[in-house]
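Encoded as structure tokens, the structure appears first; notes follow it.
In what follows, every heavy atom counts, from backbone to side chain, and hydrogens, waters and symmetry copies are set aside.
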Amino acid sequence: MHYNGKLFSKQMLLFEFRKTIGNPYVHIFGVGMPVLMMIIITRVVMMEIPVPSVLSSMVTTIFLGIGTMIPMASIFMGYGVSHAQELEKGIPQRMELFGIKVSVTLCNRILSELIFMAMAFVIYFVVGYVFVGVEAPGWSGAVLYAVCILMLSVILFCLSHGIASLLKKFGAVYCVTMLLYFGQMILGGMMGISYDNMPSAMQAAARLLPVTYINRDFYTVWKGEHYNFMPMVQAYLLMGAVAGILLFVTVRKERRKLH
């Protein structure tokens, strides 16, 4: 592969995108599972809530919350295990020896992951509008949802890369990312326990996660109503700081080993 010194290149991006779509985890957990869970849970809610206005808001709330599973599965878990497999084979080290810097690899990988995630969301939204009657958003609500999902995706990518680079073994990375994946789902209120019904210790942990606010509160934003973003922003900043520090430490450690 020829490296031309640019952070992004069509050749490198296509190379990374082929790897992304060739990863079975992203199709199973990043596309199939969110769509399936969204249909099953909303169908159960439809049978239990007879009031149309209440049902519509509840279905939309569930839809928006379960949507966070797409970046958590396709990027956080899917990319993490894929990168761990590459580390076991020494692929990143060989790419550096050929002159492809870590910064170039990371930029093209995150872009390829985001392109796949956008395709997954298109499928998810089409199914949601056709089969479960999701409410149309206000213009600002749609934009803010896209921004929040994008920021969450970048943070999860950095966190996933850092965990894989630190542990290096497929089995260990798979175990840790899977535990954190389900941990976020549980604390975010997507596994049958709402935030209000959690013990105080779980609520404290849940408030540190962006997915909690998307799952619990984003219907208000979706409809263009007033919402206090400060707690959500604080959760993003905290998680972003942890992910950024972990990524920085692991990348520097890898560079020292190469030189």
Side-chain angles (χ1 to χ4, degrees), residues 15-38 65-96 102 105-106 108-117 119-121 124 149 152-193 202 205-206 208-212 215 239-240 242-251 253-254 257:
F15 172 71
E16 294 295 343
F17 187 68
R18 289 192 193 102
K19 289 198 305 180
T20 300
I21 61 176
N23 183 354
Y25 291 95
V26 300
H27 298 285
I28 297 170
F29 294 103
V31 182
M33 184 174 287
V35 169
L36 185 62
M37 282 193 64
M38 180 260 293
I66 292 179
T68 59
M69 289 178 60
I70 296 175
M72 284 197 295
S74 64
I75 294 180
F76 181 65
M77 194 171 69
Y79 170 72
V81 297
S82 176
H83 186 52
Q85 289 175 319
E86 291 183 351
L87 287 169
E88 287 186 330
K89 298 174 183 177
I91 293 174
Q93 292 85 347
R94 290 200 292 271
M95 291 178 72
E96 281 243 34
V102 174
T105 303
L106 287 175
N108 285 277
R109 282 184 177 177
I110 184 59
L111 185 55
S112 70
E113 294 287 343
L114 292 176
I115 291 171
F116 177 85
M117 188 190 70
M119 295 168 63
F121 264 104
Y124 184 73
I149 291 294
L152 178 64
S153 302
V154 174
I155 292 171
L156 290 174
F157 177 86
C158 296
L159 190 60
S160 177
H161 186 90
I163 292 171
S165 299
L166 188 66
L167 300 178
K168 298 184 184 300
K169 299 295 183 182
F170 169 82
V173 173
Y174 182 80
C175 179
V176 170
T177 54
M178 181 69 81
L179 287 173
L180 292 174
Y181 169 73
F182 281 109
Q184 289 184 80
M185 287 182 64
I186 293 169
L187 292 173
M190 290 178 278
M191 299 292 284
I193 306 175
M202 287 183 66
L208 303 177
L209 300 174
V211 294
T212 299
N215 183 62
M239 192 172 180
V242 172
I245 292 169
L246 183 59
L247 179 66
F248 177 77
V249 170
T250 53
V251 168
K253 186 178 178 181
E254 289 173 351
K257 284 184 178 180

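No salt bridge links E86 with K89; every basic N to acidic carboxylate O contact stays at or beyond 4.0 Å.
Side-chain atoms of L111 and F116, non-hydrogen and from C-beta on, never get closer than 4.5 Å to each other. Between Y174 and K169 the shortest side-chain heavy-atom distance does not fall below 4.5 Å. Using a 4.5 Å heavy-atom threshold, the side chains of V211 and M72 count as touching. Between M77 and V26 there is no side-chain heavy-atom pair separated by less than 4.5 Å. No side-chain heavy atom of F29 sits under 4.5 Å from any side-chain heavy atom of S74. Residues S160 and H83 form no side-chain contact, since every pair of their non-hydrogen atoms from C-beta on lies 4.5 Å or further apart. Two residues are said to be in side-chain contact when any heavy atoms from C-beta on lie closer than 4.5 Å; N215 and T68 fail this criterion. Proximity of I66 to Y124: side-chain heavy atoms (C-beta onward) are separated by under 4.5 Å at one or more points.
The side-chain contact (heavy atoms from CB on, under 4.5 Å) test with F76 is passed by exactly one of M178, E113, Q184: Q184.
Rounded to the nearest 0.5 Å, atoms CD1 (I70) and CE (M38) are 8.5 Å apart.
Side-chain atoms of T177 do not come within 3.5 Å of backbone N or O of G80 as any donor-acceptor pair.
Closest approach of S153 to I75, counting heavy atoms only: CB-CD1, 3.6 Å. For the pair T250 and G162, the tightest heavy-atom approach, listed with the atom from each and the gap, is CG2-O, 3.5 Å.
Within the 6.0 Å centre-distance limit, the rings of Y79 and F157 are counted as a close aromatic pair.
Between the side chains of H161 and R109, not a single donor N or O lies within less than 3.5 Å of an accepting N or O.
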